[in-house]
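Taking it in order: structure first as structure tokens, then the write-up.
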Amino acid sequence: MSQLRLLPSRLGAQTSRLLAPHGVQRLSWCSRSSGPPAAFPSSKVGGSSSYMEEMYFAWLENPQSVHKIRGHHVAQLDPLGILDADLDSFVPSDLITTIDKLAFYDLREADLDKEFQLPTTTFIGGSEHTLSLREIIRRLESTYCQHIGLEFMFINDVEQCQWIRQKFETPGVMQFSSEEKRTLLARLVRSMRFEDFLARKWSSEKRFGLEGCEVMIPALKTIIDKSSEMGIENVILGMPHRGRLNVLANVIRKDLEQIFCQFDPKLEAADEGSGDVKYHLGMYHERINRVTNRNITLSLVANPSHLEAVDPVVQGKTKAEQFYRGDAQGRKVMSILVHGDAAFAGQGVVYETFHLSDLPSYTTNGTVHVVVNNQIGFTTDPRMARSSPYPTDVARVVNAPIFHVNADDPEAVIYVCSVAAEWRNTFNKDVVVDLVCYRRRGHNEMDEPMFTQPLMYKQIHRQVPVLKKYADKLIAEGTVTLQEFEEEIAKYDRICEEAYGRSKDKKILHIKHWLDSPWPGFFSVDGEPKSMTCPATGVPEDVLTHIGEVASSVPLEDFKIHTGLSRILRGRADLTRMRTVDWALAEYMAFGSLLKEGIHVRLSGQDVERGTFSHRHHVLHDQEVDRRTCVPMNHLWPDQAPYTVCNSSLSEYGVLGFELGYAMASPNALVLWEAQFGDFHNTAQCIIDQFISTGQAKWVRHNGIVLLLPHGMEGMGPEHSSARPERFLQMSNDDSDAYPAFTQDFEVRQLYDCNWIVVNCSTPASYFHVLRRQILLPFRKPLIIFTPKSLLRHPEAKSSFDQMVSGTSFQRVIPEDGAAARAPEQVRRLIFCTGKVYYDLLKERSGQGLDEQVAVTRLEQISPFPFDLIKREAEKYAGAELVWCQEEHKNMGYYDYISPRFMTILGRARPIWYVGRDPAAAPATGNRNTHLVSLKKFLDTAFNLQAFEGKTF
């Protein structure tokens, strides 16, 4: 009775009301030798309320008061015995931890042997209906206050709470068979001996080993086993670098020699990319689950060092796999995310990802989160790393149960993981397993942790490894013999040694062997595109007409739309009759034509259903019936592919990562993410830098995601103007100084060699074609589109069907086609530009009557740079002065990118003069007058034919 750690509390009126409908009986106080139940002693804190009733129903109290009285706060979770897992050693005064505290509730030691009638809602009695107070406390303490700490009372679903209680309160639930214990021991042997082998062979190499949490390997395998048993066929994992090699070896079952050869400094890299360090690589593997004898596909997603960045990517890939399988309930595909304690609490993308978990177009129907709680973040003490009691408290916002468990108790870990997997596949909701462990070495194998955590690491150095603890336990109870244990170790050591020998024969590292998302049949057998050509992107006119008619109608009967929307639909119908499209209609036709060809289209982002600028209206809302909507795009053809358009949460980092993961799953889908304004992409910069720009080079992972970034200087202020094109161009990998060879397949070959495609379309037809080209190319590259704002309704920004019908294609450069083009020798200045500024230039040129003296050529595709077409234009106007004009400031926009490339293609024989706004710190002004003055200034310069006389370039 010296360690009674149950947390009692007073059952309030609110709780009584909650329990009343469920037929919960008040506990009866009775003695084995007495007849009628005796009255409960009065409580100092609860009046005449039953102490046992208070104690038993503590879990239903208001979470703000329960936080002080929950069993997990005093559970024995830290294997080192140093810290309380919740960072608070305070024990509330109403906790019964010793016999003398019974008096606090007017109880005496003799009361401990009196019996109580158990309510029907408890499971601690098993088949028994009465228990002594002493036994009730012992059983509850055993359930909630030992090596497992449960957080679930904040869940507002009684059925779910009862389910968890039954799993943990029922007597004998954590009894394992001898075979189960032997399997657990064998998995621990593999986990620990793998790390020991790496430490022996490569003692001075970084590998971010799992020592101190070796139990994570059997934990993950248990989650997968249980999920397979419940029907899961595909598991997608995301995790940081710690323990990754062990997971690849012992969970995914990557060939050991493929892992060991990564440590060879003489291993040559194949020419397929820059590659990545071994503890960032991913893997895809189909195999038989040995426990269930069922097929299971495991995918470990490659990720950068940016902790938690992979979380939304995994969720997006999981969502896509569920979509393509028709697995709307997540019965076949699921995700597992492994986290570190410091990152789980500290990285905001964790919160963003959690908030996608129950949104209709983003839910993956539950994720199992496993937190490797080392109780340290690099060198930072957890007391300095978070304000919340636990690193897992972020999960409470979505009512995810949290199971804390001492990682030095393997059987407790395995049981908790089995329950977590069963929870996910029963309720289709997230769940968190917090493995409270330690990190035997420093942040990496070369790091000295004693500098900053001397006391912790003195204890760690004394700590007996979990494998020895568990082996000793099983040997003592006769489950295994010492000889069997040593044979198991010797067997795995031999496997490692043999694989090590084979690894020495490997001379070349092929990154494609580590691909996490293969696309069977899309590429040739050796992973190359099946061709280096792209068909024309136009479509038959009758298809355009049909799409236009549907886009201007309401396919559902008795569906009342807003009167303002009626005008918009009539406008679309008029455009269709005139064989003309504006920006919104061109997008409609691009999407619709791809859907007809069986290509799934998914558009996601903030307010994309209507469009930030109220131009899209892909989801119609009935004005009289709540939540009744219509998506005309899904009513084009009976056998079309499905179209998904979904407003996202107010998140960029999480949602862009999600859509990137979605695009990983299949090449036969057009996946687009639209920023509300282009500059908002910078809160997702990590996804852009670490995944989109570099993903193929690091991991040989093609991805065709499209970023739609509204861009344009229109006096809307510094935060609603620039999509920062200079950043995307600076990260483009085409060489500004390399004069290319203009082969027959130059256009497509150039696209294949680049890391992404950057365009700024000036016409709806260009937008239409570049979207379709994205799918018709024989490979996939990210596509960055700077989309317009004012051009959405500009009277000149329209295209004819003639520019979109069969036989037409995307024009990388749109040359001058007016009077200047008919007499190029008379042209004194050739202005190159891109995007919206073209219409400003056109208006100014016309106003000054310079149509024959000044030609204006548009770059629709900026990167990869259209060297061949620029060369042709420059040669056509051989006597003209060359000018680059942009509306962005000189240190922004495109000039720093295009200037050296112009110099290369011109052989530095002619200058390319800059016209635009002066350098600045902010991308745009917030003053309307200042905006107009600077616009007039650079337009005057653009058409002042003496502006550069006497100047040197």
Side-chain angles (χ1 to χ4, degrees), residues 1 3-11 15-16 18-41 43 46 49-61 66 69-72 74-75 95-96 99 102 105 107 109-153 155 157-176 401 403 411-412 415-416 418-419 422-423:
M1 193 61 197
Q3 289 290 322
L4 296 180
R5 296 183 175 223
L6 185 72
L7 301 177
S9 75
R10 182 167 56 85
L11 180 65
T15 304
S16 300
L18 177 62
L19 291 172
H22 300 280
V24 176
Q25 303 298 314
R26 297 179 71 84
L27 293 171
S28 297
W29 165 269
C30 63
S31 168
R32 284 192 178 125
S33 59
S34 63
F40 261 102
S43 168
S49 296
S50 154
Y51 165 69
M52 268 312 304
E53 192 171 13
E54 296 162 5
M55 179 170 61
Y56 183 72
F57 291 119
W59 66 278
L60 276 173
E61 271 288 7
V66 163
I69 58 167
R70 296 280 306 280
H72 58 84
V74 290
L95 269 175
I96 298 182
I99 291 175
L102 289 169
Y105 296 96
L107 291 169
E109 186 173 359
D111 295 328
L112 293 171
D113 295 316
K114 293 183 179 179
E115 291 218 342
F116 294 88
Q117 181 77 33
L118 297 174
T120 57
T121 49
T122 185
F123 302 97
I124 62 170
S127 59
E128 300 175 82
H129 301 293
T130 63
L131 289 174
S132 69
L133 177 56
R134 188 188 304 274
E135 181 61 15
I136 289 173
I137 292 176
R138 189 197 66 78
R139 293 191 184 190
L140 288 175
E141 181 187 26
S142 175
T143 298
Y144 294 110
C145 307
Q146 296 300 310
H147 288 165
I148 297 173
L150 304 177
E151 286 190 275
F152 65 97
M153 281 109 75
I155 297 174
D157 186 302
V158 173
E159 178 194 357
Q160 293 175 5
C161 289
Q162 286 294 91
W163 187 92
I164 293 172
R165 293 174 63 192
Q166 182 175 17
K167 292 295 179 183
F168 288 96
E169 288 185 1
T170 305
V173 288
M174 282 183 56
Q175 292 177 353
F176 293 85
F403 304 149
E411 291 182 6
Y415 184 74
V416 160
S418 178
V419 172
E422 194 174 349
W423 164 276

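Side-chain atoms are counted along with the backbone in the values below, which use heavy atoms only and exclude waters and symmetry mates. As the structure is a computational prediction, the values presented were derived from the model and not from experiment. Throughout, residue positions are numbered sequentially from 1 according to the sequence presented.
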Margin query: Between Arg134 and Glu115, does any side-chain N to carboxylate O distance fall below 4.0 Å?
Written below: no

Note to self: How close do His147 and Ala412 get, counting heavy atoms only, and between which atoms?
What the structure shows: CB-CB, 4.5 Å

Notebook entry, point to check: Do Trp423 and Ile164 have side-chain heavy atoms sitting under 4.5 Å apart?
Noted result: yes

Checklist line | Pairing residues for Glu422 by the side-chain hydrogen bond (donor to acceptor under 3.5 Å, both in side chains) criterion, not counting sequence neighbours | finding: Lys167

Notebook entry, point to check: Can you find a pair of side-chain heavy atoms, one from Pro401 and one from Ile155, that are under 4.5 Å apart?
Noted result: yes

Note to self: Phe168: which residues meet the ring pair (Phe, Tyr, Trp, His ring centres under 6.0 Å) condition with it, sequence neighbours left out?
What the structure shows: Phe403, Tyr415

Check: Is the shortest heavy-atom distance from the side chain of Glu169 to the side chain of Thr122 under 4.5 Å?
Finding: yes

Item checked: Distance (rounded to the nearest 0.5 Å) between Ile124 CD1 and Ile136 CD1 -> 5.0 Å

Check: What are the two closest non-hydrogen atoms of Pro171 and Gly125, and how far apart are they?
Finding: CG-C, 4.3 Å

Next item on the list: For Glu109, check salt bridge (Lys or Arg N to Asp or Glu O under 4.0 Å) against everything at least two apart and list the hits.
Entry: none

Next item on the list: Rounded to the nearest 0.5 Å, what's the gap from OG1 on Thr143 to CE on Met174? Could you check?
Entry: 9.5 Å

Notebook entry, point to check: Rounded to the nearest 0.5 Å, how far does CG of Leu118 lie from CG of Leu131?
Noted result: 4.5 Å

Check: How close do Thr121 and Phe123 get, heavy atom to heavy atom, and via which atoms?
Finding: O-CE1, 3.8 Å

Notebook entry, point to check: Tyr144 and Ala75: which non-hydrogen atoms are nearest, and at how many Å?
Noted result: O-CB, 3.9 Å

Check: Can you find a heavy atom in the side chain of Leu133 that is under 4.5 Å from one in the side chain of Lys114?
Finding: no

Item checked: Test item: Thr170 side-chain N/O and Val173 main-chain N/O as donor-acceptor pair under 3.5 Å -> no

Check: Quick one: does Ser142's side chain have a donor or acceptor within less than 3.5 Å of a partner on Arg138's backbone?
Finding: no

Margin query: Using 0.5 Å steps for rounding, measure from the CD atom of Gln160 to the CZ atom of Arg165.
Written below: 14.0 Å

